[in-house]
2 protein chains.
Amino acid sequence: MANIKEIARIAGVSVTTVSRVLNNHPYVSPDKRAAVLQTIEQLNYSRNMNAVHLITGRTRVVAVVLPFINLFYFSLIMEGLAHEALLAQYRLVLCQTNYEPEEELHVLEMLRNKEIDGVVIVSSALKPEVIEEFTGYGPILTCQDNGPRQFSSVYVEHYAAFREGLDYLAAKGHTAIGYCEGRQQGSSSLIRQTAYRDFLQVQGWPVHEEWISFGCRTEEDGAAELHRLLALNSRPSALLIAGDHVAAGLMLEARKLRLRIPEDLAVIGFDNQPIGRLLGLTTIDNQLYEMGATAFRLLLRQIQGEETEPVHHKLEYRLIERSSV
Amino acid sequence: MANIKEIARIAGVSVTTVSRVLNNHPYVSPDKRAAVLQTIEQLNYSRNMNAVHLITGRTRVVAVVLPFINLFYFSLIMEGLAHEALLAQYRLVLCQTNYEPEEELHVLEMLRNKEIDGVVIVSSALKPEVIEEFTGYGPILTCQDNGPRQFSSVYVEHYAAFREGLDYLAAKGHTAIGYCEGRQQGSSSLIRQTAYRDFLQVQGWPVHEEWISFGCRTEEDGAAELHRLLALNSRPSALLIAGDHVAAGLMLEARKLRLRIPEDLAVIGFDNQPIGRLLGLTTIDNQLYEMGATAFRLLLRQIQGEETEPVHHKLEYRLIERSSV
DNA sequence: TTGTATGCGTTATCAG
DNA sequence: CTGATAACGCATACAA
């Protein structure tokens, strides 16, 4: 494949002039520009971007770290990221890590290796301190609430959001409230769990460990959870479920069992997914798309040097009242 | 940041030796290797991959072209792709194109520009002939049935799959069958539409254009479609709906209206999504995850030169009987 | 407005 | 086993 040198030779100009044309620099006479463009056309030339990346030290690529892409939560954030990346003419490298720390570190290494200009960590198994070790190599941003770290973040306050959900249930007269969670050790999961336990304590209600369930990730898990609860001697009258799709699985199973919602069991979901909308699920919207979009915009500012200090951007959650409570 | 030259100087060896250590080449004496490794550690050195990409002409990056990531269909294929990419130590660049041809061309340009080693086109607005113009720059693979093209493909026969769905409905006694589609002009959409029209013709049934609907993409669209059909004078007794989530929206709306499924209206979905499983939706499974995984594996073989001719790999669809027919 | 010369950081080549 | 040197293809400081 032809290179810039050959274009220069054939067009009868210097490589510098070719480079100028390629990068739309001023100070190139119209006839030389035309000659270069024609030669480029004629030889079907195209730049080797790796050389450009090497010399400029930039790649216009941002990596995204998440465990699985085929979950509504992640793919909606990704959509927001991708939309903004498209606008900014950046590329996203999707790093589906399956929560394996080794793979997550791999991505951070890419930052060191100059393969990418920045990293968005949507969800990770790494400790914040480990992430912080890489901040020197380029901008990093997480979509979790990690406190005042050396890397940026865009987040919603899950503690307050959960608290609002619990308050809402309490206001509706519920005093027996259960809780369904996906991961047990996740950064956000832990925050939500704390919110739940704190709430019970403040209310002076006992903690029923059997009303708390971890590992509820799929629709089927939601259905199974309902059966588990029904088998208990004493059971909650309301549930807070992290993940609308899990709540949906539970609700549909409840219908099959001719359980009425909310009369027999009230449910609040989390994330505001389409399936919840369809089922009339009361839920808490976390602005996932906006989170992705904002994350990219903030990271871009840092890549472009317009912002040098870590930024911590809070997004507002919103309780969406429907008919499941 | 330190470079290979500095490592060589400090370790007291040549850059070649450092490079050999970096790439685990044999023929390096243990003591020199140790010296290099220690210096690397000491200087916190890491490779500039852009230089590696430039000289090797490879990047271990594959681009994925799709319109939106936040649709079950696409994100499941992406999951399959990502899983295999992880295994092969390749990276995926997600190019969410919103079906804009300009953006899709951009990605193919990346192949010319040596930024990526290959392209997977999951769904695209480009004509196959346009894609073919880029096959000289590196391996390209689509997830659509484009016939014997100069690029590879992994696909399911939507024509046959739809035909099987229609046969199934007919076997159940339905003679008034409607059809819901997402895009009107998409490559797969056109194939399915042909299958539908051909089927009616073979059966000798008239085509009711008002039983055909395009632009049904969301759950809400499904619900709206039901209302549209109910307002007709004569309406179908069964529906074939491309996309389980759309079918789900319709089914849940039917429940609200106290319409019985399948007695009042039979429904077959497409894609086998979790929501369909939950609702007892009879559907056609298209092996989306497997499609992504297979796509990556095939493309990788071509990148590695183990396969030089375009490959066309057919995946089997499967009708999943549940209770909506 | 144009061109020359240099450097980006690595791997490949080839001679020892 | 080791090393000197030539690529890879481009952008840019500097000189003209």
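Keep in mind it's a predicted model, so treat the numbers as computed, not measured. All values below were derived from every heavy atom in this structure, side-chain atoms included, with hydrogens, water molecules and symmetry-related copies excluded.
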Mind checking Val28(A) for me? I need base, sugar-phosphate or nothing, with any heavy atom below 4.0 Å counting as a touch.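 If one applies the 4.0 Å heavy-atom cut-off, Val28(A) turns out to touch the sugar-phosphate alone, with no base involved.
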Does the distance from a Lys or Arg side-chain N to an Asp or Glu carboxylate O, for [X] and [Y], drop under 4.0 Å?
{"X": "Lys127(B)", "Y": "Glu133(B)", "result": "no"}
{"X": "Glu115(B)", "Y": "Arg91(A)", "result": "no"}
{"X": "Glu290(A)", "Y": "Arg297(A)", "result": "yes"}

Record whether the side chain of Thr16(A) comes under 3.5 Å of the base of dT12(D) through a donor-acceptor pair of N or O atoms.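 Check passes, donor-acceptor contact within cut-off.
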To the nearest 10°, give me the bend of the helix from dT1(C)-dA16(D) to dG16(C)-dC1(D), comparing the axes of its five terminal pairs at either end.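 For the helix from dT1(C)-dA16(D) to dG16(C)-dC1(D), the axes at either end differ by 30°.
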Residue-phosphate contact under 4.0 Å: [X] side-chain N/O, [N] OP1/OP2:
{"X": "Lys114(B)", "N": "dG9(D)", "value": "no"}
{"X": "Ser19(A)", "N": "dC10(D)", "value": "no"}
{"X": "Tyr45(A)", "N": "dC10(D)", "value": "yes"}
{"X": "Thr17(B)", "N": "dT2(D)", "value": "no"}

Spacing between [X] atom [atom1] and [N] atom [atom2], to the nearest angstrom:
{"X": "His25(A)", "N": "dG3(C)", "atom1": "NE2", "atom2": "C1'", "value": "16 Å"}
{"X": "Glu115(B)", "N": "dC10(D)", "atom1": "CD", "atom2": "P", "value": "12 Å"}
{"X": "Arg20(B)", "N": "dT10(C)", "atom1": "CZ", "atom2": "P", "value": "16 Å"}
{"X": "Arg33(B)", "N": "dC1(D)", "atom1": "CZ", "atom2": "C1'", "value": "11 Å"}
{"X": "Asn24(A)", "N": "dT1(C)", "atom1": "CG", "atom2": "P", "value": "15 Å"}

Report, as yes or no, whether the 6.0 Å neighbourhood of atom CD on Glu306(A) holds more than 12 heavy atoms from other residues, nucleotides or ligands.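 Count over threshold, so yes.
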Would you say [X] and [Y] make side-chain contact, with heavy atoms under 4.5 Å?
{"X": "Glu79(A)", "Y": "Leu288(A)", "result": "no"}
{"X": "Leu298(A)", "Y": "Gln302(A)", "result": "no"}
{"X": "Phe74(A)", "Y": "Pro67(A)", "result": "yes"}

Exercise: do Asn23(A) and Arg47(A) side chains pair donor with acceptor under 3.5 Å: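 Present: a donor and an acceptor within the cut-off.
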Among side-chain atoms of Asn146(B) and Ser153(B), is any donor-acceptor pair under 3.5 angstrom?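 No, Ser153(B) and Asn146(B) have no side-chain donor paired with an acceptor closer than 3.5 Å.
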Identify, residue by residue, the members of residues 2-10 of chain B with a heavy atom below 4.0 Å from DNA chain D, and return them in order of residue number, or none.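 The stretch gives none, as no residue of it lies under 4.0 Å from the strand.
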Near DNA chain D, counting only heavy atoms under 4.0 Å, which residues of residues 47-59 of chain B show up?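 Per residue number, the list reads Leu54(B), Ile55(B).
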Within this structure, what is the NE2-CG distance for the pair His313(B) and Leu315(B), rounded to the nearest 0.5 Å?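 Between atom NE2 of His313(B) and atom CG of Leu315(B) there are 4.5 Å.
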Ring-face cation of Arg183(B) near Tyr99(B) (centre distance under 6.0 Å, axis angle within 45°):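 Here Arg183(B) passes the 6.0 Å and 45° test against Tyr99(B).
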